[in-house]
Amino acid sequence: MKLRVLNGPQQGHLFELAKPRFTIGRDAENDLVLTDGVSRRHCAIAVEGGVLVIEDLHSTNGVRVNGQKITDLRPLKAGDHVGIGNYVLLVMTGDEVTEPVASVAPGETPDAAAGGSATWVKALVVVLLLALAGAGGWWFAWGPGARQLAPAAVTPAPASGPVATPPVAPEASPVPAVIPETPPPPAAPAAADAVPAGTIAPADDQAPPLMAVVASEPVGATVSVDGEPRGVTPAFLRNLTPGRHTITLTLPGYEELTRQIQAPLALPDRPYELRQLPGTVRITSDPIGASVRFGARVLGQTPLLLAPGQLPPFVCELRIAADGYEPVKVKAQASESRPEQVNVILKSKLGSLSVTSVPDGCDVFVGDTFMGRTAAGDEVSRQSQPLVISGLPEGDYELKVVHPLGGAGAREKHTVQITRGRTKAETVRLWVRDTEVLLTDGTKHYGMRVEVNTYGDIVLAISPKKQERFLKPQIQRIAPVTPEMARRLPPPPSDAVAP
């Protein structure tokens, strides 16, 4: 399955759900990083019992599937629209992607972008056909064609006396001045999408439906289209009819916003900024989700909008705090004449640890706690993707990295120091006999695969200090070492003990 971003800076981009657990959030450690209205760890998509599901990781703005906010695990299927912050993501299968997805220009939907140029070409063909038809009519009625079809000149009758109409043979009858109402001769077939001027062509079965994403800052505003409620921002509007529409956004504490859009030419390409009402106080923080206190009273969590009357009409001291961060005290005052905004940046009391292993697929422990397994990264160097462990208080920790195949060099343990507000990066290199090479002479060699080039040659680390290269003509088979095979392997060479 894949995710396609339908709006925002990454509009049109595809992300493959290749990991067992795919996380989305503002932090760089997530598999998909989104920033606008998104929590640090916003949600996760995983496979549970053979079913693709999405889980809200206690985000501030929540997760919406097809416009409905979820409260627990929600199954996903192809065609579902997932709202995260100010973004809308489309769930797709791999079969739906038949060509590379280009970036989408502002003001158009991803589906319309793919077929926009073809639509202009069709329109140009229609105009040319209509022009040629008009030119042909002029040629037959007034041009040289008319003279070729007209009969020979007739001598005019004398001015006096009745005008006699000479008998005319049927085959020589003159071209009448007024075209009789008889069916015209069949014309050449017009283009399939040719329509009379001033009308709207019927929808093509293969044409994508008109659609738009309406986002707002802040999120959560109710969206109405031509007076009909269509969800809350970010809202995915489907099956828009061509023409002008009125969009209205309403959110308590903000002025109602009304805008006109023209489908398909002028659709919104960025969030609408809602204007805060006088007398309100808006409190935001980094990270979001911090608690706001006035004295002993908890007012809510950031981002928080305080309505008139929630604060006394004098300068108040508010305390903003979040788990793992130093609390901050700020001053705020509600004013009847203007809105008030307070933004704070909290300083973390915690640190992070980023672990990269060679090879990948290693289990990582902090102390005796299992933190995860390093995922496949660079194919050439065998270096894994970083496994980021957040939320560690400042201090010293024992880091242990173990490869499941085991062996003398498949384990590393040492002490790391975590500093608040910083990420400690550690790269651990192990030696693991993960590859078996069978040569044409019948001998077998075991070691860690270092390199396989385009010619089929392989470089094998038969110990941490020694590598050997085997050429393609020498090799009969290359196979991975399974855990069962690893348990039956003879002891490694004497120099294979990790330093």
Side-chain angles (χ1 to χ4, degrees), residues 3-10 15 17 21-27 29-46 48 51-77 79-91 212-224 229-238 249-254 257 268 270-274 276 282-292 298-307 320 322-323 343 346 390:
L3 287 179
R4 183 177 187 178
V5 183
L6 298 182
N7 66 320
Q10 302 184 64
F15 296 89
L17 302 174
R21 184 174 174 85
F22 188 91
T23 60
I24 303 173
R26 195 171 75 249
D27 271 357
E29 66 188 68
N30 292 286
D31 302 302
L32 173 55
V33 178
L34 303 174
T35 57
D36 196 358
V38 180
S39 300
R40 290 180 179 271
R41 285 177 56 83
H42 200 103
C43 65
I45 298 176
E48 299 284 348
V51 178
L52 189 70
V53 296
I54 186 168
E55 176 187 8
D56 186 355
L57 300 178
H58 307 290
S59 65
T60 299
N61 293 322
V63 177
R64 293 176 176 84
V65 176
N66 298 327
Q68 295 183 350
K69 192 171 183 178
I70 67 173
T71 56
D72 50 11
L73 289 177
R74 177 68 62 87
L76 291 178
K77 62 182 183 303
D80 283 344
H81 294 90
V82 180
I84 299 173
N86 273 324
Y87 301 87
V88 174
L89 312 177
L90 174 64
V91 182
V213 176
V214 177
S216 68
E217 175 54 42
V219 300
T222 300
V223 181
S224 297
R230 298 289 290 270
V232 296
T233 56
F236 188 79
L237 308 181
R238 284 173 279 194
L249 278 73
T250 56
L251 183 65
Y254 294 85
L257 183 142
R270 60 181 59 88
Y272 290 114
E273 297 285 342
L274 301 182
Q276 188 179 332
R282 187 177 187 228
I283 304 171
T284 59
S285 69
D286 184 11
I288 60 178
S291 64
V292 180
V298 178
L299 302 179
Q301 290 185 320
T302 59
L304 177 65
L305 185 76
L306 300 178
I320 302 174
D323 291 339
N343 183 53
L346 301 179
S390 303

Counting only N and O atoms by type, is there a donor-acceptor contact under 3.5 Å from the side chain of [X] to the main-chain atoms of [Y]?
{"X": "R41", "Y": "G25", "result": "no"}
{"X": "H81", "Y": "V91", "result": "no"}
{"X": "N7", "Y": "V213", "result": "no"}
{"X": "T233", "Y": "G220", "result": "yes"}

*For the residue pair Q301 and G289, what are the closest heavy atoms and their distance?*
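In terms of heavy atoms, the two residues are closest at NE2-O, 3.5 Å.
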
*Pick out which of D80, L3, L6 makes a side chain to side chain contact (heavy atoms under 4.5 Å, CB included) with L89.*
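Per the side chain to side chain contact (heavy atoms under 4.5 Å, CB included) rule, the option paired with L89 is L3, out of D80, L3, L6.
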
*When rounded to the nearest 0.5 angstrom, what distance separates CG in N86 from OH in Y272?*
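Spacing of CG (N86) from OH (Y272) equals 12.5 Å.
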
*Between CD1 of I283 and CG of L306, what distance do you get to the nearest 0.5 Å?*
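The CG atom of L306 is 4.5 Å from CD1 of I283, to the nearest 0.5 Å.
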
_Other residues, nucleotides, ligands: >12 heavy atoms within 6.0 Å of D286 CG_ =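 Yes, the 6.0 Å shell around CG holds more than 12 heavy atoms from other groups.
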
*Residues two or more places apart in sequence or in another chain: which of them pass side-chain hydrogen bond (donor to acceptor under 3.5 Å, both in side chains) with S390?*
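Per chain and number, S390 pairs via side-chain hydrogen bond (donor to acceptor under 3.5 Å, both in side chains) with E29.
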
*Check salt bridge (charged side-chain N to carboxylate O under 4.0 Å, His left out) between E217 and all other residues, then give those that pass, not counting sequence neighbours.*
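Result, salt bridge (charged side-chain N to carboxylate O under 4.0 Å, His left out) vs E217: R282.
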
Check whether any side-chain heavy atom of [X] lies under 4.5 Å from a side-chain heavy atom of [Y], and answer yes or no.
{"X": "I54", "Y": "I45", "value": "yes"}
{"X": "S39", "Y": "H58", "value": "no"}
{"X": "L251", "Y": "L305", "value": "no"}

*By side chain to side chain contact (heavy atoms under 4.5 Å, CB included), which residues pair with S291, not counting sequence neighbours?*
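Checked S291 against side chain to side chain contact (heavy atoms under 4.5 Å, CB included); matches are A321.
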
